Amino acid sequence: MTTELYLDSNATSVVLPAAIEAATDAMRQRYGNPSSTHATGLQAKAILDEARACAVRLLGVGSGRLMFNSGATEGIHTAVLSALVSLRERRDAGEAIGSLLVYGATEHKAVPESLAHWNRLLGLNLTLHKLPVDHDGAHSLQALRAVAPQAAMVCTMAANNETGVVSDLTGIGAVLADSKALWLVDCVQALGKLKLDLSSTRIDYAPFSGHKLYAPKGIGMLYVRAGAPFTPLITGGGQEAGLRSGTENMAGIAALGAVLAALERGDTFRSAAELCSFRTRLAESLRAALPGVVFNNPFDKALPTTLNFSVPGLSSRELMDVFDAADVRVSAGSACSSSKAAPSYVLDAMGVPLWRSAGAIRMSFGPLADEATIAAACERIARCGDALRASCLIPSERSAAPQDGLLQLGVEGACSWMVLDAASRSCIVIDPLPDHVARIESYVRCQNYQVQAIVSTLPNAGRAMLIDMLGRHYDCHAEADQYGWPQQAASVALDNGASAAAIALGRQVLACLPCGAGDELRAYLLGTAQGNALPAAAVRFAFSARPALPALSAVSGKQTLLCPTRDEANQFCTIAAPVAALAADAQLECAALDAFLQAHPDACLVDVREPYEFAAAVASPPAGRAVVSVPLSRLAEHASGWLRAEHTPLVFFCRSGNRSMKAAQLLRRLGHPQAYSLSGGLALATPLPLAA
Ligand code: PLP
């Protein structure tokens, strides 16, 4: 049974059961080509005619034209091509057409890309002009008024995909009343959520996409006002009255027809008032679970089905990860850009501060949403809040359980390290990077550690900000040198005969090793002292800005992990001894997991997602086996243990197989012969949800 709660409907929706049935019927029974004149063809044509008639009534197409196509991107291109071809003809005939192609700053990228594409291909050389929006995301009518006399074409949207903000189409229409500019309105997010009566407006072109409202992907519609210029994007067999050639996507049209029929009947989808109450409940849950959450879209000016929010101190990646672990699907900004952590251009255009625009999450549902889904989503939101709190990512009134051992912050690129001792609730910070200072501070505060020292591998590295933030959690009595090393440290004897200053942390010691020409570089050795000595074999970790420092080899052992404080190569940690070549068999296919576990009953399944994802997870682990949680930030600590123990087979997994591959590669590189990554991750290992 699926536990998935799909709250990413602005990206795409599940398919309405009636739409699946209609598509199946169009493929099984009424599979004809609607252009054929025999009975089978006529049966298919009936599907086409019915769907179109329904769309015409529902959207108020009047005497305008409505064609089926593959979706909104095609509709936008067809509209822009039509407009620009006509503009070129008018200009060639000596008419003044205006010099600007105006588009809203928050339009879907398909709009400016299409304008730029056809402007270039048709050699029009008009100027693309971005129309600003206000703080609420509404197009500036004042700015539009100013450019309207020079506008050749104006492109705006009915509702925004990231924020749900509804445009003032009446106001825009009024500004354009005396303008000859052709007007495109992207109606993708409005279908089924806003009442449309297109032929009563000045709108020339309106594209739609079926998959945003419970139809499948690959089917869409384009409305063209009666009398608006038109040039087909695709010519050929003359289908769709010559407006769009190519044999029709009948399964898609049948499915979209079923959705449109449901909309027209009014018996399937929720009312705006019900949807508003769903949004209120989700917003309240978010407020309760995530302290300081800020909503980036004005609820009173947006579709009730979209929430867009940011949480202080949390990146959109972290929020996405915790929601995904709780099987709640949301997206970071818009779906197209969610793999990159780039700020949202939509929120940027609204003047939203950078931290909110870069950390935004979009939670969207459709008008089919039901009570049970919203109630379950509210519970999962609370679960995510608890998981984040327990992991010290959001403030909590209670101290979290302290952790022990090594923690690596910023596991890719440059990193900072923390050495933690749970028993004494004390820790040492090594090379804190400015980007990690806030995280270190909240970690220390939430687990109620006392920071004994903040040391660096280079002199005069900035520590003041962290010391300031830590307040009473920093042991400020200790006088420190320019590396942050306390003046009154004890000492241990190293294997090279030298004596090194050392700080005790629980049962371990951190020894300081001046190295490099002129002593400007320092390395630190962490291990368990034996009496007054720290033998090379007892050194578990060596921290250094340059892992290959010659001074380290005489004082560290074969299994000492070298922990770089600048990890450009994303290696997490390395080892001085020669390493095994990277094995090609480190990927374990999901289908092979059961057999692998049967063959290796001692194998250990390791979840490398962060602790908040592990805590929020609702899906059962792969193969129903017990798992251990070792996030990448704790990998160095555990790798050291795994390498010292017998070589138990390790199967790493995460959501997508990306992080687990890094873990498996690290262990293989360090010489562990049986480290594997579950290929495709949990996303492919858990049963796929059925559309409902
Ligand atoms: N316009 C808007 C507002 C959208 O949200 C989308 C889809 O994300 C599109 C256009 C493009 O639609 P499609 O990818 O279905 O062609």
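Every number for a ligand or one of its atoms is a count from 1 in the order of the listing. Note that this is a predicted model, so its numbers are computed, not measured. These numbers come from the heavy atoms of this one structure, side chains and all, not from hydrogens, waters or symmetry mates.
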Any side-chain donor near an acceptor of the partner, Asn296 and Ser310, under 3.5 Å: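 Result is yes, a qualifying pair exists.
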May I ask you to identify, for [X], whether its side chain, its backbone, both or neither come under 4.0 Å of ligand 1 on a heavy-atom basis?
X: Lys217; answer: neither
X: Ser209; answer: side chain
X: Asp186; answer: side chain
X: His211; answer: side chain

NZ/Lys193: more than 12 non-hydrogen atoms of other groups inside 6.0 Å: yes
Partner set under side chain to side chain donor-acceptor pair (under 3.5 Å) for Glu371, not counting sequence neighbours: Arg281
Ion pair check, Arg362 and Asp8, cut-off under 4.0 Å: yes
Report the residues that fulfil salt bridge (charged side-chain N to carboxylate O under 4.0 Å, His left out) with Arg265, sequence neighbours left out, ordered by chain and then residue number. Asp267
Ring centre gap for Tyr214 and Phe269 strictly below 6.0 Å: yes
For Lys212 and ligand 1, answer yes if some heavy atom of the residue is under 4.0 Å from a ligand atom, otherwise no.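 Within the 4.0 Å threshold, so yes.
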Give the atoms of ligand 1, by number and element, whose distance to some non-hydrogen atom of Met157 is under 4.0 Å. 3 (C)
Kindly confirm or rule out an N or O of Asn10 lying under 3.5 angstrom from an N or O of ligand 1.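 No.
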